[in-house]
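Here is the structure we will look at, set down as structure tokens.
Proteins get letters first, then strands, A, B, ... in listed order; numbering begins at 1 in each. Worth knowing before you read on, the calculation uses all heavy atoms, side chains too, and leaves out hydrogens, waters and symmetry mates.
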Number of protein chains: 2
Amino acid sequence: MANSKLYKGSLQTIILNLLEQNDKMYGYEITQKVKQITNGELKITEGALYPALHKLEAEGFLDVEIINFGNRMRKYYKLTEQGETENVNRLVELQEFIKNMQIMVNPKFSLE
Amino acid sequence: MANSKLYKGSLQTIILNLLEQNDKMYGYEITQKVKQITNGELKITEGALYPALHKLEAEGFLDVEIINFGNRMRKYYKLTEQGETENVNRLVELQEFIKNMQIMVNPKFSLE
DNA sequence: ATATTATGCATAAGAAAATTATGTATATAT
DNA sequence: ATATATACATAATTTTCTTATGCATAATAT
């Protein structure tokens with residue numbers, strides 16, 4: 001996913017959030033979007049992405065729609081209602097995580 | 001470590017940074033310090049901590065000094081020169097990670 | 001008195017999430 | 001013809017963590 005291990009555990013958060021912002025997306029599109037908005041710093045590998053999408057779907061957070069685009073196939077994913085709720089929770093967790101990491105690496109943050 | 005998966009991959013960064021700030025610490029002290037500065041939100045388990053310390057030591061980032069404190073034993077860890085360099089790199093990675101996550105969940109950040 | 005909690009180390013089994021390596025197939029550019 | 005891009009997928013392996021267990025001493029609560 002990237003040179004740093006920090007991204008471990010953040011893939012689902014990223015996927016849920018992109019789908020909140022973009023209504024529906026297919027797998028390859030997600031990899032390109034992430035590469036684009038991080039200026040190439042973050043590359044999501046297929047071996048991580050597809051299993052993650054399948055898991056989120058199995059948990060009821062995503063719905064799939066298969067589209068035949070020309071002669072190729074695309075699987076469009078979108079958030080279910082449950083998925084929208086989950087996304088809100090994940091964003092809260094992300095902000096708490098970032099806050100705690102900032103505090104730890106720079107104790108002055110805790111004085112705010 | 002916590003309710004959220006996001007902390008996966010961040011333990012080494014946390015350890016290196018605490019040792020930068022506190023010169024030398026022993027394992028149990030690290031768990032208590034982290035609990036304290038995150039108001040109990042982040043609890044580092046022993047099953048994660050001790051293997052992580054051993055790994056950082058094996059990689060040459062930490063030096064150990066065994067102290068007999070009363071009848072108990074403490075293993076004090078401190079950064080090697082290599083460890084200090086590594087810590088700087090990890091902090092840069094952390095800030096880049098946070099920046100990228102902020103951009104992804106809130107595209108407005110990219111306009112700064 | 002004695003049971004629990006705190007202090008302090010450690011490892012082993014298992015789960016979760018990733019990497020790396022494949023595999024299939026079409027489209028396009030050199 | 002060959003490489004790159006698009007588009008899906010899975011399998012083997014590695015990394016990192018959780019959960020469970022083990023040993024031992026010290027302090028505190030009942």
message: Using a 4.0 Å heavy-atom cut-off, does B:Gly27 contact any base of the nucleic acid, only the sugar-phosphate backbone, or nothing at all?
response: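 Answer is sugar-phosphate: B:Gly27 comes under 4.0 Å of backbone atoms only.
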message: Students often get this wrong, so: under 4.0 angstrom with heavy atoms, is A:Lys43 touching a base, only sugar-phosphate, or nothing?
response: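 If one applies the 4.0 Å heavy-atom cut-off, A:Lys43 turns out to touch nothing in the nucleic acid.
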Any [X] side-chain N or O less than 4.0 Å from OP1/OP2 of [N]:
X	N	value
B:Tyr26	C:dC9	no
B:Arg72	D:dT25	no
B:His54	C:dC9	no
B:Lys5	C:dA18	no

field: Geometric cation-pi criterion, A:Lys24 with A:Tyr76: 6.0 Å, 45°
entry: yes
message: I'd like to know if the side chain of A:Thr13 reaches the main chain of A:Arg90, judged simply by a donor and an acceptor atom lying under 3.5 Å from each other, with no hydrogens or angles considered.
response: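 Answer holds: no.
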- prompt: Looking at C:dG8, D:dA7, C:dA27, which one has an atom nearest to any side-chain atom of A:Asn71?
  reply: C:dA27
message: I want to verify a distance call: between C:dA18, D:dA9, C:dG8, whose nearest atom is closest to the B:Tyr50 side chain?
response: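 Between C:dA18, D:dA9, C:dG8, the one nearest the side chain of B:Tyr50 would be C:dG8.
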field: Side-chain donor-acceptor contact under 3.5 Å, B:Asn17 with B:Gln21
entry: yes
task: Using the closest heavy atom to pick a nucleotide of DNA chain C for each, name whichever of B:Leu53 or B:Lys8 lands nearer the 5' end.
output: B:Leu53
